Amino acid sequence: MRSIVSILGTMLWFIPNRLSSLGNNVGTAFVQVWANKIRSFLTVLGIIIAVTSIITVVSFVRGFGDYFTGFLRGLGTNMMVVYPEAVRGSRNEVLSRAELHVEDMYAVDAFAPAVRRTAPLIFHRGNVEYGRQQAQDVLLRGSSELFQPIRNYYVDAGRFFTAIDVENAAQVCVLGREVLRKLECDESVVGDFVHLDSQRFKVVGLFETKGSFMGENQDDLVVIPWTTALKMYPHFREYMAFYVEAVKEDKVPEAEAQVVAILRQRHGLKPEQRNDFGFFKQDEMLKEFHKVEKVATGILGGIVSISLLVGGIGIMNVMLVSVTERTREIGLRKSVGARRRDILSQFLTEAVVLSTIGGAIGIGLGYAIGFVASMHPSMVPVKVPIWSVALALGFSAGVGIFFGIIPAFKAAILHPIDALRHE
């Protein structure tokens with residue numbers, strides 16, 4: 001019991017004593033920084049540039065990453081497209097013709113429990129005419145009334161076509177905002193007629209704005225009922241893709257496995273035969289992008305971190321000069337009882353304070369650059385992750401310790417008599 005009390009008493013004495021010593025060292029360090037303001041600023045300039053670069057690079061990569069992720073999630077990450085794909089041999093020769101029918105989609109819809117809903121998909125490009133204006137090479141998609149909830153792509157003017165329009169193969173369409181711009185018209189076009197590949201269509205609605213993605217404008221499209229598209233382009237009847245929406249995002253692999261099993265059975269494929277259909281999945285693109293984002297952050301962060309070494313070398317040089325200038329002070333402190341570890345702690349604290357000040361200024365500048373960049377209308381929101389701030393401060397303090405240890409050690413080992421004789 002006495003030993004426990006003794007240990008606790010020692011700890012209660014030691015901790016406040018060490019904290020007081022550390023506080024004194026930090027105070028002394030700030031006095032030295034303030035006494036040599038210009039030299040201190042030039043010393044930490046490398047640290048400031050390095051930390052600013054790190055914060056800026058990480059925040060910009062994170063901002064674009066969040067924008068990309070949000071965009072993909074807006075298109076539906078639990079959605080995939082099943083499309084016909086010809087089976088090819090070792091010499092790229094076609095071994096079997098690729099076919100998908102609407103009956104395949106109905107079978108998936110009926111017998112795949114991990115699938116919430118499906119919708120036909122016909123891809124084509126065509127020209128849209130309105131009066132004397134023409135929008136050329138517009139992406140045309142034929143689908144069902146479920147296109148909106150599956151793609152998370154809704155109208156904000158007018159309406160989307162209905163199941164009755166699909167059943168009757170109605171000549172109705174929904175336009176994207178980029179098509180509207182090309183036709184030089186406004187929302188008053190809803191209820192009016194346009195010509196799509198020389199066919200007269202009534203405009204029943206306009207899509208909300210989605211923006212561009214990987215160089216492709218998502219608003220440059222026209223959607224019509226798939227039954228109408230088959231009348232216009234009958235060759236798609238046996239070459240039809242379709243959307244598949246899983247019940248949940250984490251059910252996409254299960255839904256894919258069920259689709260594969262159903263289609264292979266319907267197409268009479270043997271176990272050794274390859275699939276005559278393929279998949280396009282949003283979640284795979286998202287996973288691949290996250291990998292690229294991590295690699296890009298690491299590489300760019302590593303490159304700009306090299307400047308931390310430059311800043312650290314600058315701190316070491318200045319601290320060596322400071323030891324030389326304060327040799328008599330070190331001798332005086334040692335002659336009145338200062339131990340080696342006290343001198344070592346003092347100069348090491350000064351190096352850490354210098355580098356931390358530089359890191360703090362760099363973080364502030366990084367935030368400022370991100371804030372100013374975010375104000376540009378064409379720029380994505382730039383976010384500074386908290387972990388990057390902690391990492392930058394930790395690295396800057398680490399640089400102070402690493403490059404400050406040599407000057408601090410040199411000061412600690414000085415003999416008091418030789419130090420007092422120093423001129």
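All of these numbers come straight from a predicted model, not from anything done at the bench. Atom set for the values below is all heavy atoms of this structure, side chains included, hydrogens, waters and symmetry mates excluded.
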- Does the pair D104 and H267 meet the rule for a side chain to side chain donor-acceptor pair (under 3.5 Å), with working shown? CA-CA 9 Å; D104 291 322; H267 294 185; 3.2 Å; yes

- Task: Report the C-alpha distance between F242 and V244 in whole Å, list the side-chain angles of each, state the deciding distance to 0.1 Å, and finish with yes or no for side chain to side chain contact (heavy atoms under 4.5 Å, CB included).
- Result: CA-CA 7 Å; F242 58 90; V244 174; 3.4 Å; yes

- Does the salt bridge (charged side-chain N to carboxylate O under 4.0 Å, His left out) test come out yes or no for R264 and D276, once each step is laid out? CA-CA 8 Å; R264 285 186 65 87; D276 57 356; over 6 Å; no

- Query: So L221 and Y153, side chain to side chain contact (heavy atoms under 4.5 Å, CB included) or not? Walk me through it.
  - Reply: CA-CA 12 Å; L221 86 163; Y153 208 161; 3.6 Å; yes

- Message: Apply side chain to side chain contact (heavy atoms under 4.5 Å, CB included) to residues Y233 and H235 and explain how you reach the verdict.
- Response: CA-CA 6 Å; Y233 318 107; H235 60 279; 3.6 Å; yes

- Given Y239 and L100, is the side chain to side chain contact (heavy atoms under 4.5 Å, CB included) satisfied, shown in steps? CA-CA 5 Å; Y239 195 78; L100 273 181; over 6 Å; no

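For the pair K202/V194, no side-chain contact is recorded, criterion being any heavy-atom separation below 4.5 Å from C-beta on. Counting heavy atoms from C-beta outward, R159 and V174 have side chains that stay 4.5 Å or more apart. Between V223 and F207, some side-chain heavy-atom pair lies under the 4.5 Å cut-off. Side-chain contact between Y130 and D192: present, with at least one pair of heavy atoms (C-beta onward) separated by less than 4.5 Å. V128 has its side chain within reach of L183: a pair of non-hydrogen atoms, C-beta onward, lies under 4.5 Å apart. Taking 4.5 Å as the limit, every side-chain heavy atom of M80 sits out of range of all side-chain heavy atoms of F280. Within the 4.5 Å cutoff, no side-chain heavy atoms of I369 are placed close to those of I55. Counting heavy atoms from C-beta outward, R141 and L139 have side chains that approach closer than 4.5 Å.
Taking a cutoff of 4.0 Å between a charged side-chain nitrogen and a carboxylate oxygen, E187 and R177 qualify as a salt bridge. Look at D219 and K210 and you find no salt bridge, because none of the NZ, NE, NH1 or NH2 atoms lies under 4.0 Å from a carboxylate O. Electrostatic pairing of D197 and R125 does not count as a salt bridge here, judged by no charged N lying under 4.0 Å from a carboxylate O.
Residue F193 qualifies as enclosed at atom CZ: its count of foreign heavy atoms under 6.0 Å is above 12. Within a 6.0 Å radius of NZ in K182, more than 12 heavy atoms belonging to other residues, nucleotides or ligands are found. For E208, the CD atom counts as densely surrounded, since its 6.0 Å shell holds more than 12 non-hydrogen atoms of other residues, nucleotides or ligands. In this structure, Q265 places its CD atom where only 12 or fewer heavy-atom neighbours from other residues, nucleotides or ligands lie under 6.0 Å away.
Between T56 and G366 the shortest heavy-atom distance is OG1-CA, 4.0 Å. Of all non-hydrogen atoms in L121 and M240, the two that sit nearest each other are O-CG, 3.9 Å. Of all the heavy atoms in Q273 and K270, the pair that sits closest is OE1-N, 2.7 Å. A pairwise comparison of heavy atoms in I122 and A229 identifies CD1-CB, 3.8 Å as the closest pair. Scanning all heavy atoms of the two residues, the minimum distance from S198 to H195 falls at O-CD2, 4.1 Å.
Taking CG of L365 as the start and OG of S53 as the end, the distance is 10.0 Å to the nearest 0.5 Å. The OH atom of Y243 sits 14.0 Å away from the OH atom of Y83 when rounded to the nearest 0.5 Å. Rounded to the nearest 0.5 angstrom, H101 NE2 and R266 CZ are separated by 9.0 Å. Remark: F147 CZ to N152 CG distance equals 10.5 Å, nearest 0.5 Å. Interatomic distance, CG of N168 versus OG1 of T227, reported as 8.0 Å (0.5 Å rounding). The CG atom of L146 sits 8.5 Å away from atom CG of D109, with the distance rounded to the nearest 0.5 Å.
Between the side chain of Q258 and the backbone N or O of A255 there is no donor-acceptor pair closer than 3.5 Å. When atom types are taken as modelled, the side chain of S143 and the backbone of P120 share a donor-acceptor pair closer than 3.5 angstrom. At least one donor-acceptor pair closer than 3.5 Å links the side chain of T228 to the backbone N or O of A169. Side chain of N127 to main chain of D137: a donor-acceptor pair is present (N/O by atom type, distance under 3.5 Å, no hydrogens or angles). The backbone N or O of T162 lies less than 3.5 Å from a partner atom in the side chain of D165, making a donor-acceptor pair. In this structure, the side chain of D186 engages the main chain of S188 through a donor-acceptor pair within 3.5 Å. Between the side chain of Q148 and the backbone N or O of V155, at least one donor-acceptor pair lies under 3.5 Å. Of the possible donor and acceptor atoms, one in the side chain of Q171 sits under 3.5 Å from a partner among the backbone N and O of R200.
Using cut-offs of 30° and 60° on the angle between ring planes, the pair F236 and H124 is perpendicular.
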